[in-house]
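Naming: A, B, ... by sequence-line order, numbering from 1 per chain.
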Amino acid sequence: MTQRPEPPVLSVHGLSVRFLMPGGHHVAAVTDAHFDVAAGECLALIGESGCGKSVLASALLGLLPANAQTAGRAHLGGLDLLAADERTLARQVRGRMIGLIPQSPAAHLTPVRTIRSQLEETVGQLTGVWGRASVRTAGEDAAARAAFPAGHLDRYPHELSGGLAQRAATALALVGGAPLLLADEPTSGLDRDLVEHTVDELRRHVDTPTRTKGDTGRALLMITHDLTAAERIADKVAVMYAGRLVEVAEADSFFGLPGPRHPYSRGLLGALPERDFTPIPGMPPELGDLPAGCAFATRCARVTDACAHRPPTTGSVACHHPHRPEEIRA
Amino acid sequence: MLELRSITAGYDRRAPVVRGISLTIEPGEAVGLLGPSGCGKSTLARVAALLHRPDSGTLVLDGEPVRGWRHHAPPARRTAIGVVFQQPRLSSDPRLRLADLIAEPLRATGRREEAADRVAELAEPLGLTPDLLRRRPHEVSDGQLQRACLARALVLRPRWLICDEPTAMLDASTTAALVEAIEDYRAATGAGLFAVGHDRTLLRRWCDRTVHWDDLTASSVPPGDRPGSPLAARRPAGAP
Ligand SMILES: Nc1ncnc2c1ncn2[C@@H]1O[C@H](COP(=O)(O)OP(=O)(O)OP(=O)(O)O)[C@@H](O)[C@H]1O
Ligand code: SF4
Ligand SMILES: [Mg+2]
């Protein structure tokens, strides 16, 4: 699943997002992010809550609030998402080029309409399917793909458990067959079986070619804090800390041996209940008040004087003293 | 002791989602309830937290049967229980600064003057800095807000904590930190814990014992009578 000669579906260069706050203050939510996602590939973006993951996703979709400033480029199918105007984003990008599976499905679903009616409306908008019976079938098929039970299609969002609402939102996102799927916490609130079902379903969509000629599959950018789900689905892992990508690694070596190289990544894996179940000491820094040097320094056991300077991103790890494969194996 | 005796509850009397469930938690004990999505765990947790009146069955709290739910519950009962839910944003008033959010139960019970001290006492070990305490929910992350919701749940020093997947939307490190904070509180006060969720690894690591929804609902044989059932020794005496 890792041979990928095709050009990337999504290519992000130097993406930064800053929020301008009252009083000339600003918050550096995302700083200088670089990554690619190829067709047939899944990149899992992981990191502490509040570190900037969802802001990065909103930047790609053009859904940032008015006080946000972006810099850098994000190419998707010949279009720079950061330069596109709202009309282009609304008519061509959201739903058609990027399918979004949101973080809080209950808030994303329209409260006054049944799941069936929302699915049918989306089928009508985004696919060539027409005619009452065909639209009805297409809506039911979309629900089935996301394991949403047919018996609940005529319910309203508030009548669903957290897990069912999540599956309804997933079904809606898959309707348009977009080349890039952007899933923001698609499995939170699901039990383990459903997590596996959902990520397997997403994986299947990544591996299925789109209708466009020459395409080999879709790309998936999955934002998650569920490391077990990430391990199951991802080809590559990007770790974010305080707005920066501190490590980008192949999933196999990250979750298996030799393991992560950045001290933060190692702390995050170590906190898992199946590992040490020990929290990383301290709290992440405020994005409005980042230190000049490494943002992890106050929590890091390997910190030295060198860390007062911001570490460069070399060999895909932004750290002055990364764990080396030899030392980890020993 | 927290005893749920033959609880039937739901949203439609003709089709209850919780049917005849019994479960007993000893004082100071931590019990995790595992179950698949949509099975009714959250509904049962809401019954135990006095937030949802069951259709039938009895909740016995520290020896006394509960007769009133929600705002009908006597204040002394409500203050014996602290609750933390999965989605902190849905359970916090967006207009309140975190310090006021944490102190809310003190105000509601007319103990406003204790607020400043109690908030300071709780905030420190939970990593809630003075700067964070001055912000409103939309200005903090989910992890930070959930810490504030935990502080709010602890502010009246409850004897029981009911947690409905309090870490489901948090990363691994924040999860471990939240569990550590809850366990520190329990170690200091001897409070009991009823945690529902679907993360088997987490609940097994966290709780004294875990039970599975299916073991509580198995219809043919009452759960306490099944060989090897973790409930065998703990079936409430009065249960049918
Ligand atoms: N307000 C409501 N009105 C009608 N039905 C509801 C309501 N709330 C929940 N339900 C239904 O009751 C059942 C049990 O819901 P509950 O929230 O207890 O599930 P759960 O076990 O906590 O699930 P999850 O793991 O997905 O959170 C589900 O089928 C759900 O759709
Ligand atoms: S740069 Fe220094 S402080 Fe930062 S993670 Fe690496 S070792 Fe730790
Ligand atoms: Mg629930």
Between the CG atom in B:D142 and the CD atom in A:E48, the distance rounded to the nearest 0.5 Å is 12.0 Å
Counting only non-hydrogen atoms closer than 4.5 Å, does B:V140 touch chain A with its backbone (N, CA, C, O), its side chain (CB onward), both, or neither? neither
Residues B:R135 and A:E286 bridged, charged N to O under 4.0 Å: yes
Relative to chain A, which segment of B:L178 carries a heavy atom at a distance below 4.5 Å: side chain, backbone, both, or neither? neither
Say whether, by atom type as modelled, one donor and one acceptor occur between the side chain of B:S173 and the main chain of A:I280 under 3.5 angstrom. yes
Straight-line distance of A:L268 CG to B:D171 CG, nearest 0.5 Å: 6.0 Å
How long is the gap from CG on A:D289 to CG on B:D131, to the nearest 0.5 Å? 8.5 Å
Measure the spacing between CZ of B:R205 and CG of A:L272 and express it to the nearest 0.5 Å. 10.0 Å
Taking atom CD of B:Q144 and atom CE of A:M283, what is their separation to the nearest 0.5 Å? 5.0 Å
If you count heavy-atom pairs within less than 4.5 Å of chain B, which of A:L269, A:D276, A:D193 leads? A:D276
Please report the shortest heavy-atom distance between A:H225 and B:A168, naming the atom on each side. NE2-O, 2.8 Å
Is it the side chain or the backbone of A:D226 that comes within 4.5 Å of chain B heavy atoms, both, or neither? neither
Pairwise distance CD(A:E159) to CG(B:D12) - rounded to 0.5 angstrom: 10.0 Å
Determine whether more than 12 heavy atoms belonging to other residues, nucleotides or ligands lie under 6.0 Å from atom CD of B:E124. no
Counting only heavy atoms closer than 4.5 Å, note whether B:T201 contacts chain A via side chain, backbone, both or neither. both
Give the minimum heavy-atom separation between A:P279 and B:A177, together with the two atoms involved. CB-N, 3.6 Å
